Amino acid sequence: MKKIIIVMVCIYSLSGFSQTKKDIINSIGLDEVVVSTQRFAKPKRKITQQIESISKKEIEFNNFQSSADVLGNSGTLAVQKSQQGGGSPVIRGFESSRILLLVDGIRMNNLIYRAGHLQNIITVDKNMLENVDVLFGPSSTIHGSDALGGAIYLQTKIAKLLSDTENQKVSGTALTNYNSANQGKSGHLDFNFAGQKWGYLTSFSYNDYGDLKMGKHKNGSNDFFGERPFYVVTKDGIDTKVANDDKYVQKFSGYKQYDFMQKIIFQQNISTRHSINLQFSTTSNIPRYDRLTDLSSNGKFKSAVWNYGPQKRLISSYKLDKKKVFLNSDMNLVASYQNIEESRITRNFGNPTQSSRIEKVSIFAINSDFKTKIGNGDFIYGADVYYDNLNSLGNKKNILTNAESITDSRYPDGKNNTFRAEGFASYSNDINKTASCNVSARAGYTTLNSEILTNFLNLPYTSVSQKNFTYSGAVGIVNNASENTKIGFNLASAFRVANIDDLAKIFESAAGTLIVPNKDLRPEKSVTADLSITFWEGKRFQFENIFYYTRLYDAIITGSFTLNGQSSIVYEGKNSLILANQNQGKGNISGISSTLRSYITKSFLFYGVFNFTHGRVQNAGGNFPLDHVSPFYGKTGFKYESKLVNLDLYMLYNGKKELSNYSPSGEDNLQYAPKNGMPSWETYNLKGSLSLTEQFTVYSGIENVLDIQYRTFASGINASGRSIYLGGKYNF
């Protein structure tokens with residue numbers, strides 16, 4: 001049965017997001033679907049880029065534990081994890097600072113987003129989401145820097161007025177669930193008060209995840225790997241290596257998270273609306289699991305402590321929506337402030353000195369969008385202004401004597417800031433009855449300043465400064481050749497301006513290596529061509545293939561470097577090889593994404609997705625695999641839907657990542673894979689829901705039914721073993 005399913009996946013290039021029936025019909029119908037990633041809503045039929053959406057119903061049905069899991073279980077993109085409390089999405093071979101995260105249209109990317117692996121997406125709680133839109137391919141023209149691979153638009157629930165709620169003044173949702181693999185417990189409550197002109201939405205979530213238990217059964221003929229036979233216990237300041245009672249339990253991978261949101265809307269009149277959006281998220285310490293498993297040559301653990309400190313995210317924004325402001329344009333104006341705190345807490349095994357490195361980031365932004373008509377076409381234009389400020393601190397403490405002192409910070413300890421001011425314009429129009437086109441452009445100016453006050457490494461300079469002119473453009477055409485056929489072509493450029501993390505960080509990226517600042521980085525740039533061909537039959541069938549090719553210029557890659565003429569340096573008591581981020585040659589990425597959705601009967605859906613990406617980079621040293629390029633992956637399954645019962649039986653799968661296809665930069669984390677590379681894997685999953693009343697729904701299911709032991713590509717922690725979950729939702 002397993003081989004039959006895999007063959008079907010390869011032949012049909014199957015598809016996707018298992019949604020409710022209404023959502024899937026809309027996706028197949030195309031005309032009814034509008035998306036928010038284009039700054040103003042637009043019919044999907046007229047959008048040239050690939051866009052996939054995940055609805056609130058789908059998120060609730062699948063019992064996801066984080067926003068990263070929402071994406072990773074979709075089958076349309078990959079997610080890397082270094083710890084349970086994380087998840088770094090990968091779109092078409094681009095990851096972290098090369099893709100753009102937005103929450104309610106506000107950029108989450110900031111001046112310390114690194115090119116490695118990020119866990120920031122988990123700070124947006126999955127229970128607060130209304131939907132997630134993933135925009136594949138270059139998106140800089142619409143959204144600015146960083147969107148080389150695409151953009152992920154996280155839309156949280158909105159406050160409603162009486163006109164939106166059928167005269168129900170008070171409404172809300174209570175959600176709760178439990179997972180056996182990590183003893184995970186989640187609770188969520190939101191309630192909306194709707195008036196004629198005022199609307200209030202309050203939301204709160206609590207998540208408590210214990211240590212994650214991996215699968216027990218061997219993955220085909222592959223060796224067992226990733227088991228946790230020992231861990232470190234510290235008592236009275238003494239570190240001891242102790243045996244694990246259950247080697248399948250990944251000790252020190254659990255964490256807690258709290259999320260709060262408050263939204264207020266005021267409908268001043270038919271043409272003017274004001275909105276307030278307040279969000280706060282914080283976590284407990286999140287152990288970086290992969291670093292806690294590192295062993296030295298003598299078999300001792302390298303680290304006794306390696307935690308991400310509480311990750312705090314605060315967003316406050318004001319939005320003004322006003323129709324016909326000037327030049328007959330509708331306007332969206334958003335002023336926002338973000339405050340983010342991150343930290344790393346580390347201590348080597350047997351060493352009483354514990355180091356803490358703390359980053360505090362403030363982001364001020366003003367975004368303006370305008371939409372009007374020029375002839376029969378839509379003209380969208382606007383401007384974005386951002387100012388990011390960073391305060392980076394380092395201190396160390398002796399856990400035996402409590403003596404404290406300063407130490408080197410992750411980033412320069414002086415003034416660190418970036419400024420960006422950009423304008424954009426986009427025009428779309430119908431060429432004839434079946435075809436439409438769009439053209440867009442963006443241009444701007446950026447500055448970066450970083451100041452080194454305490455020069456622990458005797459760097460030959462004490463400040464870093466850059467100024468860059470940025471630009472990008474895109475042109476696309478869609479031809480609905482017949483009622484059952486759509487052909488789209490898109491050609492777009494994108495850019496990513498080097499930030500403080502690229503230019504000025506000091507970081508031990510792996511044991512025995514140290515990344516140091518390089519003040520001479522240039523922006524990365526890319527050009528991508530997409531061709532999409534879609535066939536569908538009414539509301540019962542859709543088959544889509546998307547082919548893409550990206551050319552990457554001035555790729556920023558970590559490589560060997562010298563400092564004061566030396567190629568190595570003693571750092572925290574260890575001799576470390578010196579590395580630095582550098583512009584290294586040209587890269588190319590090509591791939592295909594194919595989807596199919598087909599209703600066998602009115603209630604029985606067959607679906608799936610298949611993705612393949614290939615990436616290489618060429619520089620003076622030769623031709624090498626590009627980092628962050630996942631092996632082929634996807635999802636296929638069957639879903640039954642009725643008013644009372646929904647069932648979903650599906651398979652998630654990944655191909656093998658050969659040793660020769662790992663990037664030499666180290667970003668693919670070969671040290672956390674088996675000796676021959678990352679094995680292929682597939683898991684079988686069964687999920688269901690039962691609507692007991694119109695208000696109350698019960699969710700239950702089994703993930704990784706066969707309890708297979710596996711790890712997703714580039715990850716440093718094994719995935720969940722067999723997990724039985726139970727949840728419930730009550731609407732009032």
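Along the sequence shown, residues carry numbers from 1. Every value quoted in this text rests on a predicted model; they were computed, and no experiment measured them.
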Quiz item: So do the side chains of T683 and V705 get within less than 4.5 Å of each other, counting heavy atoms only?
Solution: no
Exercise. For K218, look at atom NZ and say whether over 12 heavy atoms of other residues, nucleotides or ligands are found less than 6.0 Å away.
Key: yes
Practice problem: Could you walk me through whether Y209 and Y255 pass the ring pair (Phe, Tyr, Trp, His ring centres under 6.0 Å) test, one step at a time? | Solution: CA-CA 5 Å; Y209 303 125; Y255 72 102; 5.4 Å; yes
Self-check item: Under the ring-ring contact (aromatic ring centres under 6.0 Å, His included) test, residues paired with Y710 that sit two or more places apart
Solution: W681
Quiz prompt | Minimum side-chain heavy-atom gap Y725-N177 below 4.5 Å | solution = no
Practice problem: Classify the angle between the aromatic ring planes of F610 and F632 as parallel (below 30°), tilted (30 to 60°) or perpendicular (above 60°). | Solution: tilted
Quiz prompt | Salt-bridge present (K81, D290; N to O < 4.0 Å) | solution = no
Quiz prompt | Candidates N718, N654, N219 - the one meeting side-chain hydrogen bond (donor to acceptor under 3.5 Å, both in side chains) with R711 | solution = N718
Practice problem: Check whether any side-chain heavy atom of F61 sits under 4.5 Å from a side-chain heavy atom of N646, and report yes or no. | Solution: yes
Self-check item: K157/D190 ion pair, N-O < 4.0 Å
Solution: yes
Quiz item: Which word best sums up how the rings of Y258 and Y206 line up, parallel for under 30°, tilted for 30 to 60°, or perpendicular for over 60°?
Solution: tilted
Quiz prompt | R107 and D146 ion-paired at < 4.0 Å | solution = yes
Quiz prompt | Aromatic plane relationship, Y662 with F713 - under 30° parallel, 30 to 60° tilted, over 60° perpendicular | solution = perpendicular
